[in-house]
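Okay, structure first, notes after.
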Amino acid sequence: MSTSTILRRALLYVPGSSSKFLQKAQYTVVDTLCCDLEDSVTPAQKKHARSNIRNFLEQDRPPNISELSVRINAVPTGLAHEDLKSILQTPGSNNLDAIVVPKVNRASDLHYINDVIRLRLPERHPGTPSPTSNPLKIIALIESAEAIMNLNEICRASPYLSGLIFAAEDFALDLSLTRTPSLTEFLYARSAIATAARAHNLPSTIDLVCTKYKGEEGQRTLEEECLQGKGLGFNGKQVIHPYQIPVTQKAFSPGQAEVEWAVRLVIGDEKAARAGRGAWTLEGKMIDVPVIGKARATVRKAELCGMDVDAIREKWKGQEPE
Ligand code: COA
Ligand code: MG
């Protein structure tokens, strides 16, 4: 089970060409903000979007955004070089935490990006940690059948790689699929992505966009999609509208009942261990090493999500193993 300290429950795209959206985004509370230079920006607006994003990065860092990222254009478009230059060659690059790379089909799609980052910002390489360093991260978008077949090599392609994102719309285009509400047509690809990321110890797996975002039905569909994605092993989701953030971040946080159960297990296990018992029971359920491992991970995640775990510990301090 991943014990990552990176939280990317929601990744909000903001079209880089829209000064209005970027302005609005500054006050948005979200784990990861992704200023977009790719598909939400028309070719004629790319230059303008680069300049907007540079300005955005050069402002004071909004405290309500945990991670600032930029989605560049894919390397074969010929636009990636200008994109990288504009976001890496600015004092604002200090505020840039991650680069989201679209249409990564094979390992070589990341090699060029690795080289440019290494050359322009050598101090941000994850292999040169210092107390002040904030290693730059890459999050790769998986959008094609070829990418799914090459997941192993992609996961090994970059020391900066910190997560994978599944892009359903481009994947559907590639396979001539039609997206259905059940999302079963994406099951193999999503499961492959979550499994590969875990196998390579990448902390993040970010699920498809829920394209419905308006009204109660939009919120209900979003929540169902989040829970389905979580069940497949994803720990976050791409969102396109600020309205989608609260539901998404809640769905990818542990629930109150889940955390209470985990805390009871951890407290009970400490006492069981002192009494020399490796396996014990709670409410008729057998508790052993993997169950406790998962409980500890749930408690850590709850702390990371800002839940008041101390209060829950206090409530259950008398928990005894049965
Ligand atoms: N980021 C920041 N702010 C956003 C936003 C976003 N992605 N989407 C909407 N907002 C803001 C609007 O500026 C508006 O602010 P206001 O109330 O101060 O005027 C408010 O949220 C409500 O917006 P709304 O009118 O409901 O949305 P819209 O109809 O203007 O735009 C979309 C709808 C889908 C076009 C827009 O949300 C969007 O462009 N999302 C991102 C799409 C994208 O990046 N796609 C590529 C990746 S898949
Ligand atoms: Mg795409």
Side-chain angles (χ1 to χ4, degrees), residues 8 10-43 45-46 48-50 52-53 55-57 59 62 64-77 79-80 83 98-105 109 138-148 154 163-177 179 183 186 189-190 193 206-219 221-222 225-226 229 234 236-249:
R8 292 189 186 116
L11 177 146
L12 173 70
Y13 287 108
V14 189
S17 49
S18 170
S19 319
K20 182 183 155 228
F21 280 16
L22 282 168
Q23 181 93 19
K24 177 96 181 171
Q26 272 198 306
Y27 303 100
T28 305
V29 180
V30 68
D31 287 346
T32 301
L33 188 83
C34 182
C35 303
D36 191 25
L37 285 168
E38 204 217 8
D39 284 352
S40 71
V41 177
T42 61
Q45 289 283 313
K46 300 282 186 199
H48 174 58
R50 284 186 198 118
N52 278 344
I53 292 175
N55 291 339
F56 185 84
L57 290 173
Q59 290 167 13
N64 38 297
I65 297 169
S66 311
E67 181 174 64
L68 274 182
S69 67
V70 173
R71 180 166 76 167
I72 60 170
N73 288 281
V75 175
T77 63
L79 297 165
D83 293 344
I99 300 174
V100 175
V101 183
K103 300 183 176 70
V104 176
N105 289 327
D109 289 334
I138 288 178
I139 311 174
L141 273 150
I142 302 300
E143 323 199 31
S144 69
E146 186 186 359
I148 296 293
I154 291 169
L164 301 178
I165 307 179
F166 177 55
E169 304 309 322
D170 277 284
F171 186 78
L173 177 69
D174 188 36
L175 270 82
S176 301
L177 292 174
R179 180 176 175 147
L183 304 173
F186 300 130
R190 289 161 88 201
I193 289 171
I206 304 175
D207 203 8
L208 43 74
V209 170
C210 176
T211 46
K212 260 195 203 155
Y213 65 94
K214 286 206 165 138
E216 267 179 42
E217 206 204 323
Q219 294 281 289
T221 308
L222 175 64
E225 277 193 15
C226 287
F234 284 86
K237 191 169 179 72
Q238 301 160 88
V239 299
I240 49 159
H241 195 286
Y243 189 49
Q244 294 183 316
I245 298 169
V247 170
T248 304
Q249 297 209 158

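Because only heavy atoms are used, hydrogens play no part in the values below, and waters and symmetry mates are left out as well, while side chains stay in. Start at 1 and go down the list; that is how both ligands and their atoms are numbered. Being a predicted model, the structure only gives us computed values, none of them experimental.
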Checklist entry - Looking at E143, which of its N, O or S atoms is the nearest one to the Mg ion (ligand 2)? => result OE1

Checklist outcome for this item: The protein heavy atom nearest to atom 44 (O) of ligand 1 is Y13 CB, 3.3 Å

Next on the checklist: Judged on heavy-atom distance to atom 12 (C) of ligand 1, which of Y243, Y27, F21 sits nearest?
Outcome noted: F21

Item to check | Per-atom contacts of ligand 1 with R71, taking only distances under 4.0 Å to non-hydrogen atoms | outcome: 46 (C), 47 (C)

Next on the checklist: Need the ligand 1 atom indices (1-based, order shown) with element for anything under 4.0 Å from a heavy-atom of K20.
Outcome noted: 13 (O), 19 (O)

Checklist entry - Between the main-chain N or O of G16 and the side-chain N or O of N52, is there a donor-acceptor pair closer than 3.5 Å? => result yes

Next on the checklist: So, 4.0 Å and heavy atoms of K214: is ligand 1 close enough to count as a contact?
Outcome noted: no

Item to check | Option among I165, V239, D31 that satisfies the side-chain contact (heavy atoms from CB on, under 4.5 Å) test with L11 | outcome: I165

Checklist entry - For ligand 1, which atoms sit closer than 4.0 Å to a heavy atom of S40? => result 43 (C), 44 (O), 45 (N), 46 (C)

Item to check | ligand 1 versus Y213: contacting region, heavy-atom distance under 4.0 Å | outcome: side chain

Item to check | Protein heavy atom under 4.0 Å of atom 35 (C) of ligand 1 | outcome: no

Next on the checklist: What protein heavy atom lies closest to atom 5 (C) of ligand 1? Include the residue and the distance to one decimal.
Outcome noted: P242 CD, 3.4 Å

Checklist entry - Under the side chain to side chain contact (heavy atoms under 4.5 Å, CB included) criterion, do V14 and K24 qualify, and how do the steps go? => result CA-CA 9 Å; V14 189; K24 177 96 181 171; over 6 Å; no

Checklist entry - Taking only heavy atoms of V14, which atoms of ligand 1 are found under 4.0 Å from at least one of them? => result 1 (N)

Next on the checklist: Using only atom types and a distance under 3.5 Å, with no angle test, would you say the side chain of N105 pairs donor to acceptor with the backbone of E146?
Outcome noted: no

Checklist entry - Would you say D170 reaches the Mg ion (ligand 2) with an N/O/S atom under 2.8 Å? => result yes

Checklist entry - With distance as the sole test, does Q238 use its side chain to make a donor-acceptor pair with the main-chain N or O of D207 at under 3.5 Å? => result yes

Checklist outcome for this item: In ligand 1, the atoms that come under 4.0 Å of a heavy atom of K24 are 3 (N), 11 (C), 15 (O), 16 (P), 17 (O), 18 (O), 21 (O)

Item to check | Q23, portion touching ligand 1 at heavy-atom distance under 4.0 Å | outcome: neither

Next on the checklist: One pair to check against salt bridge (charged side-chain N to carboxylate O under 4.0 Å, His left out): D39 and K103. What are the steps and the verdict?
Outcome noted: CA-CA 11 Å; D39 284 352; K103 300 183 176 70; 3.3 Å; yes

Checklist entry - How far is atom 26 (O) of ligand 1 from its nearest protein heavy atom, and which residue and atom is that? => result H241 NE2, 2.8 Å

Checklist entry - Any side-chain donor paired with an acceptor under 3.5 Å for T77 and N73? => result no

Next on the checklist: Whether the side chain of S69 engages the backbone of L33 through a donor-acceptor N/O pair (distance < 3.5 Å, no angle test) should be reported.
Outcome noted: yes

Item to check | I240 N/O under 3.5 Å from ligand 1 N/O | outcome: yes

Checklist entry - How far apart are the C-alpha atoms of K214 and Y243, what are their side-chain angles, what is the distance that settles it, and do they pass the side chain to side chain contact (heavy atoms under 4.5 Å, CB included) test? => result CA-CA 8 Å; K214 286 206 165 138; Y243 189 49; 5.8 Å; no

Checklist entry - Do Q59 and Q26 pass the side chain to side chain contact (heavy atoms under 4.5 Å, CB included) test, and can you show the C-alpha distance, the side-chain angles, and the key distance before you say yes or no? => result CA-CA 10 Å; Q59 290 167 13; Q26 272 198 306; 2.4 Å; yes

